[in-house]
Amino acid sequence: MKDNIKNNEVLDVFYGTISHYGPDCSGCSGKTANGYNVNGGNIYYNDKTYGIVRIVAADKSIPFGPIVRLNMNSGSVNAIVLDRGGGIGFDKRFLFDLLCESEKESYNLGVNKNTKVEVLRKGF
């Protein structure tokens, strides 16, 4: 077990707006930017260290593989950065975009403003 998990260490913290998207969104291919297949409601990733986590899109300056904890209105979600998005980034409207089973579900969830995002791992 890695030390930061054992100690529940938070490596960095960001605050921003979290949006949601589905693999069936307009312009989406059903695969993440790193090639992970998200068709058929496959919105989870089995990480060797953190177990089952959600998938999230992040700014292109963040490499693939970091684990982040999104402290949203509905509760905390651990997610792994495996995707990118045109409206996602530090200088954009949304800080992260959390993958949902469908675009319809993403509309129902809306956005979470001023969300605390804790970085638990910097990358693979």
*Which residue pairs pass the ring pair (Phe, Tyr, Trp, His ring centres under 6.0 Å) test when at least one of the two sits in residues 23-49, sequence neighbours left out?*
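The answer is Tyr36-Tyr45.
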_Pairs meeting criterion ring pair (Phe, Tyr, Trp, His ring centres under 6.0 Å) with involvement of residues 52-91, two or more places apart_ =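 Non-adjacent pairs meeting ring pair (Phe, Tyr, Trp, His ring centres under 6.0 Å): Phe14-Phe90.
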*Each residue besides Ile88 in its hydrophobic cluster should be listed here, by chain and number; the cluster joins Ile, Leu, Val, Met, Phe, Trp and Tyr at side-chain heavy-atom distances under 4.5 Å.*
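Traced through the cluster, Ile88 reaches Phe94, Val111.
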*Would you please name every residue forming a side chain to side chain contact (heavy atoms under 4.5 Å, CB included) with Ser74, sequence neighbours left out?*
Met72
Would you check if [X] and [Y] make a side-chain contact, meaning some heavy-atom pair closer than 4.5 Å?
| X | Y | result |
| --- | --- | --- |
| Lys116 | Val13 | yes |
| Ile55 | Ile43 | no |
| Ile67 | Val53 | yes |

If only atom types and distance count, is the side chain of [X] paired as donor or acceptor with the main-chain N or O of [Y] below 3.5 Å?
| X | Y | answer |
| --- | --- | --- |
| Tyr50 | Leu120 | yes |
| Asn42 | Asn37 | yes |
| Asp12 | Val119 | no |
| Arg84 | Ala57 | no |

[atom1]-[atom2] distance between [X] and [Y], expressed to the nearest 0.5 angstrom:
| X | Y | atom1 | atom2 | answer |
| --- | --- | --- | --- | --- |
| Ile80 | Asn46 | CD1 | CG | 10.0 Å |
| Lys113 | Leu95 | NZ | CG | 14.5 Å |
| Phe96 | Asp59 | CZ | CG | 8.5 Å |

*Leu109, Val77: one ILVMFWY side-chain cluster at the under-4.5 Å cut-off?*
no
_Checking Asn112 now: which residues fulfil side-chain hydrogen bond (donor to acceptor under 3.5 Å, both in side chains) with it, not counting sequence neighbours?_
Asn73
_Results of salt bridge (charged side-chain N to carboxylate O under 4.0 Å, His left out) for Lys31 - residues two or more places apart only_ =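 So Lys31 forms no salt bridge (charged side-chain N to carboxylate O under 4.0 Å, His left out) with any residue.
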*For Leu99 and Val38, run side-chain contact (heavy atoms from CB on, under 4.5 Å): C-alpha distance rounded to whole Å, both residues' side-chain angles, the deciding distance at 0.1 Å, then the answer.*
CA-CA 9 Å; Leu99 183 63; Val38 293; 3.5 Å; yes
Identify the heavy atoms of [X] and [Y] that sit nearest to each other, and give their distance.
| X | Y | result |
| --- | --- | --- |
| Arg121 | Leu11 | CA-CD1, 3.8 Å |
| Leu70 | Leu98 | CD1-CD1, 4.0 Å |
| Asn71 | Ser76 | OD1-OG, 2.7 Å |
| Pro23 | Glu101 | CD-O, 3.6 Å |
| Gly87 | Lys92 | O-CB, 3.5 Å |

*Should Asp97 and Asp83 be marked as a side-chain contact (heavy atoms from CB on, under 4.5 Å) after you check the CA-CA gap, both sets of side-chain angles, and the distance that decides it?*
CA-CA 9 Å; Asp97 202 7; Asp83 209 359; over 6 Å; no
*Let me see the working for Val117 and Ile18 under side-chain contact (heavy atoms from CB on, under 4.5 Å), right down to the final yes or no.*
CA-CA 9 Å; Val117 177; Ile18 307 300; 3.9 Å; yes
